Asker: 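Can you keep this structure in mind? I'll have questions shortly.
Below, read A as the first sequence line, B as the second, and so on, with proteins coming before strands; counting in each chain starts at 1. None of the values given here were measured: they were computed from a predicted structure.
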Amino acid sequence: MMYALVDCNNFFVSCERAFQPQLEGKAVVVLSNNDGCVVARSNESKALGIEMCTPYFKIRSLADSGRLVVRSSNYALYGDLSVRIMSILRSVSPKLEVYSIDEAFMIMEGMDVAQVKAISSDLVKRIRQWIGVPVSIGVASTKTLSKIASHFAKKYPGYRGVCVMDNDEKRMKALSLTEIGDVWGIGWRTAPKLGAMGVRSASDFVQRPQEWVKKHLGIMGVRTWMELQGKDCIEDQEPEKRKSICTSRSFANSISDKNELASRVSDFAALCAHKLRSENSAAHTVWVFIQTNRFRKDTVQYDPMSSISLDVPASSTQEIVGTSLKILEAIYEPGYEYKRAGVILTDIVDGSSIQPSLFDFDYGKRSKEDKVSEVMDKVNVPGRNLLGLATQRPGNYSDGIRCSYKSGSFSTDWKDLIEVH
DNA sequence: TCTGGGGTCCTAGGACCC
DNA sequence: TCTGGGGTCCTAGGACCC
């Protein structure tokens with residue numbers, strides 16, 4: 001079996017550049033929701049020493065002095081370009097596992113290495129030409145190794161975007177050049193722990209005995225260990241439905257007022273219900289959390305979280321919002337400055353196979369609410385909520401979220417495109 | 001002053017049962 | 001009053017990913 005991991009280079013920045021070529025060659029970063037911190041960097045901004053997740057206020061002076069270009073995140077644009085890239089990949093490899101917005105594993109069956117190499121090189125050129133986004137492709141016998149191969153493809157221009165790891169000699173060479181913390185599955189907590197025990201590179205790691213790995217890292221560590229030896233053990237995931245759905249945001253300014261908080265929580269709950277219905281699912285349990293600013297050392301922290309389990313799984317906006325507000329009522333304490341809140345739906349089941357409970361006297365009311373939600377789904381296009389419940393805020397749910405440096409939704413909104421030209 | 005959001009999986013520990 | 005061990009289920013928290 002051969003995996004080809006296709007990974008978009010600096011994806012959000014590349015999407016911005018695709019429609020704003022004047023950003024090419026410049027140091028560019030994209031900020032998270034609320035313009036909080038850095039979530040994507042161009043090579044030039046990496047060279048400036050800007051780390052992932054740097055809070056914006058720490059690099060503001062660079063931006064002010066014109067050495068750094070800043071963009072707020074524009075998910076309509078990134079999502080649209082992602083869909084286009086994935087459809088190109090699917091046209092050459094029907095067995096495609098979309099792993100994230102900017103990454104996918106192509107499962108190459110019935111092809112030899114030369115064919116895979118040729119297809120990959122062609123893809124790199126085509127995606128750059130058609131979409132305007134540079135990608136790197138790593139080919140190897142397991143997913144973890146293909147990730148490592150893609151890092152090499154990205155790092156060294158000599159590969160021209162494609163690195164194929166097709167024998168043991170190349171594998172061992174690559175492992176000895178890869179820091180343990182750069183291995184897929186070894187995170188920032190485990191890497192220093194391993195370092196302290198003398199494991200610095202991926203090749204140090206694979207040379208440890210399996211029992212040692214099991215003892216220190218558990219079964220997940222063993223899985224990574226096997227994958228690095230070329231033993232394929234991370235299965236292909238079915239594009240199954242999500243097991244939890246979450247909508248949460250930090251606020252531009254903190255909120256103390258209960259009604260204000262309730263309207264924000266209503267928005268989050270409504271968005272969760274919408275996501276839930278788009279997968280034809282229903283949820284048994286609703287969670288709500290509210291949080292004070294965890295970075296402030298000078299104020300008292302309060303971050304309660306609570307849930308309600310419903311007798312019958314729900315998917316209507318009314319019921320999800322109503323339940324969320326009940327939870328909020330239970331956990332809200334006056335006198336705190338809340339900076340963030342969220343709604344999480346769990347215990348998700350298939351919406352078409354809900355068993356009404358024997359004592360579900362609300363059945364008639366429930367199906368009526370479901371019909372209302374259906375109508376709301378049809379009228380509400382993303383980002384423009386025209387129909388909502390009385391507790392929701394009027395207008396766009398992203399109100400109160402900072403996004404000062406947002407570019408146009410060029411590929412999905414023709415008015416934005418005209419403005420550039 | 002200003003620090004993201006949305007997921008998955010595993011594990012340890014408590015409650016409860018026999 | 002003394003006292004064990006095993007199984008299951010649930011939950012909170014941790015670790016990882018992008």
Asker: With respect to the side chain of A/E103, which nucleotide from B/dT11, C/dC18, B/dG6 is positioned closest?
Answerer: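 For A/E103, the side-chain atoms sit closest to C/dC18.
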Asker: When you compare the side chains of A/D80 and A/T412, does any donor N or O come within less than 3.5 Å of an acceptor on the partner?
Answerer: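 Short answer, no.
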Asker: In terms of side-chain heavy atoms, does A/R160 have a donor or acceptor partner in A/S121 at a distance below 3.5 Å?
Answerer: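 No, because no side-chain N or O of A/R160 sits under 3.5 Å from a partner of the opposite role on A/S121.
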Asker: Rounded off to whole Å, could you give me the CG-to-P distance for the A/L217 and C/dA15 pair?
Answerer: 12 Å
Asker: Could you please name the option among B/dG5, C/dC18, B/dT3 that lies closest to any side-chain atom of A/S250?
Answerer: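 The answer is B/dG5, which lies nearest to the side chain.
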Asker: Where the side chain of A/W188 is concerned, which of C/dC16, B/dG6, B/dT3 is the nearest nucleotide?
Answerer: C/dC16
Asker: To the nearest Å, give me how far apart NZ (A/K193) and P (C/dC16) are.
Answerer: 8 Å
Asker: Heavy atoms under 4.0 Å, any strand shown: does A/I186 hit a base, just sugar-phosphate, or nothing?
Answerer: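 Sugar-phosphate only.
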Asker: Measure from the side chain of A/N293, starting at C-beta and using heavy atoms only, and say which of B/dC2, C/dA15, B/dC10 lies closest.
Answerer: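 Given the options B/dC2, C/dA15, B/dC10, the side chain of A/N293 is closest to B/dC2.
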Asker: Within the structure shown, what part of the strands sits under 4.0 Å from A/C246 by heavy-atom distance: base, sugar-phosphate, or nothing?
Answerer: sugar-phosphate
Asker: Is it the case that the side chains of A/S256 and A/E337 hold a donor-acceptor pair, with the cut-off being a distance below 3.5 Å and no angle test?
Answerer: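 A/S256 and A/E337 do have a side-chain donor-acceptor pair below 3.5 Å.
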Asker: Heavy atoms from C-beta onward define the side chain here; which of B/dT8, B/dG4, C/dC18 lies closest to that of A/N33?
Answerer: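 Selected nucleotide: B/dG4.
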Asker: Regarding A/L31, tell me which of base, sugar-phosphate or nothing describes its non-hydrogen contacts under 4.0 Å with the strands shown.
Answerer: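 Nothing, no nucleic acid heavy atom in range.
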Asker: State yes or no: are the ring centers of A/Y302 and A/Y332 separated by less than 6.0 Å?
Answerer: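 Ring-ring flag for A/Y302/A/Y332: false, centres at least 6.0 Å apart.
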Asker: When you check the phosphate oxygens OP1 and OP2 of C/dC17, does a side-chain N or O of A/R189 lie under 4.0 Å from one of them?
Answerer: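 No.
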Asker: Can you measure A/Y78 atom OH to B/dG4 atom C1' for me and round it to whole angstrom units?
Answerer: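 Rounded to whole Å, this separation is 13 Å.
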Asker: Could you point out which residue of A/K155, A/K154, A/K147 forms a salt bridge (Lys or Arg N to Asp or Glu O under 4.0 Å) with A/D7?
Answerer: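 Of the listed residues A/K155, A/K154, A/K147, the salt bridge (Lys or Arg N to Asp or Glu O under 4.0 Å) partner of A/D7 is A/K154.
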Asker: Tell me: CG of A/D102 to P of B/dG7, nearest whole Å?
Answerer: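 Spelled out: CG on A/D102 to P on B/dG7 is 17 Å.
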Asker: Give A/I219 one of three labels, base, sugar-phosphate or nothing, depending on what nucleic acid heavy atoms sit under 4.0 Å from its own.
Answerer: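 Sugar-phosphate, backbone atoms only, no base.
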Asker: Please give the distance between the C1' atoms of B/dC16 and C/dG4 as a whole number of Å.
Answerer: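 The same atom, C1', in both gives a distance of 16 Å.
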Asker: Counting heavy atoms from C-beta on, name the nucleotide in B/dG6, B/dT3, C/dC18 closest to the side chain of A/R242.
Answerer: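 The closest nucleotide is B/dG6.
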Asker: At under 4.0 Å, does any side-chain N or O of A/K243 touch on OP1 or OP2 of B/dC9?
Answerer: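 The answer is yes; a side-chain N or O of A/K243 sits under 4.0 Å from OP1 or OP2.
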Asker: Considering only side-chain heavy atoms of A/T190, which listed nucleotide, B/dT8, C/dC16, B/dG5, is closest?
Answerer: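 Closest nucleotide among those given: C/dC16.
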Asker: Given atom CZ of A/F57 and atom C1' of B/dC2, what is their separation to the nearest angstrom?
Answerer: 6 Å
Asker: Looking at the side chain of A/S244, which of B/dG6, B/dT3, B/dT8 is the nearest nucleotide?
Answerer: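 Nearest to the side chain of A/S244 among the choices is B/dT8.
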Asker: It should be established whether A/R340 places a side-chain nitrogen or oxygen under 4.0 Å from OP1 or OP2 of nucleotide B/dG5.
Answerer: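 Yes, within the criterion.
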Asker: In this structure, how many angstroms lie between the P atom of C/dC18 and the CG atom of A/L5, rounded?
Answerer: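 One finds 10 Å between P of C/dC18 and CG of A/L5, rounded.
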Asker: Between B/dT3 atom P and A/N253 atom CG, what is the distance in whole Å?
Answerer: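 A/N253 atom CG is separated from B/dT3 atom P by 10 Å.
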Asker: Using Watson-Crick or G-U wobble geometry with both distances under 3.5 Å, which nucleotide pairs with C/dG5?
Answerer: B/dC18
Asker: What does A/V38 touch in the nucleic acid at a heavy-atom separation under 4.0 angstrom: a base, only the sugar-phosphate, or nothing?
Answerer: nothing
Asker: Starting at the 5' end of DNA chain B and moving along, which residue's nearest nucleotide shows up first, A/F295 or A/R223?
Answerer: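 Its nearest nucleotide being more 5', the pick is A/F295.
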Asker: If the cut-off is 4.0 Å, is A/R296 near the phosphate of B/dT3, judged by side-chain N/O to OP1 or OP2?
Answerer: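 Answer no for this pair, as no side-chain N or O of A/R296 is under 4.0 Å from OP1 or OP2.
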Asker: Let me know the distance between CE of A/M220 and C1' of B/dT11, rounded to the nearest Å.
Answerer: 12 Å
Asker: Side chains of A/E16 and A/Y78: do they bring a donor and an acceptor to under 3.5 Å?
Answerer: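 Present: a donor and an acceptor within the cut-off.
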Asker: Using a 4.0 Å heavy-atom cut-off across all strands, classify A/Y56 as base, sugar-phosphate, or nothing.
Answerer: nothing
Asker: What are the two closest non-hydrogen atoms of A/G138 and A/S146, and how far apart are they?
Answerer: O-CB, 3.5 Å
Asker: Check the phosphate of B/dC2 against A/K339, side-chain N and O only, distance under 4.0 Å to OP1 or OP2. Yes or no?
Answerer: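 No, outside the criterion.
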Asker: Heavy atoms from C-beta onward define the side chain here; which of C/dC18, B/dT3, C/dA12 lies closest to that of A/K147?
Answerer: C/dC18
Asker: Contact class for A/S73 vs. all strands (heavy atom < 4.0 Å): base, sugar-phosphate, or nothing?
Answerer: nothing
Asker: Counting side-chain heavy atoms from C-beta on, which of B/dG6, C/dC16, C/dC17 comes nearest to A/Y99?
Answerer: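 Per side-chain heavy atoms of A/Y99, the pick is C/dC17.
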